[in-house]
Amino acid sequence: QVQLEESGGELVQAGGSLRLSCAASGRTFTSSAMGWFRHTPGKERVFVATINWTGLTTYYADSVKGRFTISRDNAKNTVYLQMNSLKPEDTAVYYCAARKIGNGSSHLDDYAYWGQGTQVTVSS
């Protein structure tokens, strides 16, 4: 079992940066791939980024590639999402998710555990 809690979301101007954190509890974190997804009202929850259990393999949605960076610190049971050059279309609730296995995935249904989300609002 893994419990996840996101933090770091806030209101920021376009072009600015934010770093989201996701603190995990549970002894399986270090063997779990992690992902970030986002959701805007009226749309489906969509993939943003994923990282494998070692932190050596990452994958991004095209919409954030080159602007966002996912990373993890297994000693702190935490995964991060560094977001730079933010755009108004990045406004969403951002969710952290954990898989039961170590390989990353862009598919929402591959994730077993989810946090409650943190709101990111980018003003133009």
Side-chain angles (χ1 to χ4, degrees):
Q1 190 79 6
V2 177
Q3 290 80 43
L4 305 171
E5 183 173 1
E6 303 94 337
S7 62
E10 61 180 70
L11 173 64
V12 63
Q13 287 189 333
S17 298
L18 280 177
R19 188 176 80 158
L20 304 183
S21 298
C22 174
S25 60
R27 57 188 178 89
T28 62
F29 173 81
T30 55
S31 62
S32 299
M34 303 296 294
W36 286 96
F37 292 77
R38 64 188 182 187
H39 177 250
T40 56
K43 298 183 179 180
E44 295 183 347
R45 192 174 298 189
V46 297
F47 167 74
V48 174
T50 185
I51 188 166
N52 76 331
W53 70 280
T54 66
L56 296 179
T57 302
T58 58
Y59 180 69
Y60 299 90
D62 287 344
S63 59
V64 306
K65 200 172 296 182
R67 300 187 298 122
F68 290 12
T69 302
I70 188 172
S71 62
R72 66 190 297 160
D73 185 338
N74 285 346
K76 295 182 178 180
N77 277 14
T78 302
V79 64
Y80 304 98
L81 185 68
Q82 177 67 43
M83 306 186 294
N84 299 328
S85 301
L86 282 161
K87 305 174 181 180
E89 51 263 44
D90 294 318
T91 295
V93 177
Y94 283 72
Y95 295 90
C96 172
R99 299 195 71 189
K100 290 185 177 181
I101 62 174
N103 296 326
S105 172
S106 62
H107 301 289
L108 185 149
D109 290 343
D110 285 343
Y111 289 82
Y113 307 106
W114 292 85
Q116 294 300 307
T118 185
Q119 175 71 49
V120 172
T121 303
V122 184
S123 64
S124 57

Mind running side-chain contact (heavy atoms from CB on, under 4.5 Å) on T91 and Q119 for me, showing each step along the way?
CA-CA 8 Å; T91 295; Q119 175 71 49; 4.0 Å; yes
Exercise for review: Decide yes or no on side-chain contact (heavy atoms from CB on, under 4.5 Å) for E89 and T40, but give the supporting numbers first.
Suggested key: CA-CA 9 Å; E89 51 263 44; T40 56; over 6 Å; no
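Taking all atoms of both residues into account, the shortest heavy-atom contact from R38 to S63 is NH2-OG, 3.5 Å. Annotation for P88 and S124: closest pair CG-CB, 3.8 Å, computed over non-hydrogen atoms. Considering all non-hydrogen atoms of both residues, S105 and D110 come closest at OG-OD2, 2.6 Å.
Within a 6.0 Å sphere centred on NZ of K65, other residues, nucleotides and ligands contribute more than 12 heavy atoms.
Taking CD of Q82 as the start and OG of S21 as the end, the distance is 9.5 Å to the nearest 0.5 Å.
When each of F37, Y95, Y111 is paired with F47, the ring-ring contact (aromatic ring centres under 6.0 Å, His included) condition holds for F37 and for no other.
For N103, the side-chain contact (heavy atoms from CB on, under 4.5 Å) criterion is met by R99, not counting sequence neighbours.
Using modelled atom types, no side-chain atom of E6 and backbone atom of T118 make a donor-acceptor pair closer than 3.5 Å. In this structure, N74 contributes its side chain and W53 its backbone to a donor-acceptor pair below 3.5 Å. At distances below 3.5 Å, at least one donor-acceptor pair connects side-chain atoms of N52 with backbone N or O atoms of G55.
The shortest distance between side-chain heavy atoms of N77 and T30 falls below 4.5 Å. The shortest side-chain heavy-atom distance between D90 and R67 falls under the 4.5 Å cut-off.
If you chain together ILVMFWY residues whose side-chain heavy atoms come under 4.5 Å of each other, L86 ends up grouped with V2, L4, V12, L18, L20, F29, M34, W36, V48, I51, Y60, V64, F68, I70, V79, L81, M83, Y94, Y113, V120, V122.
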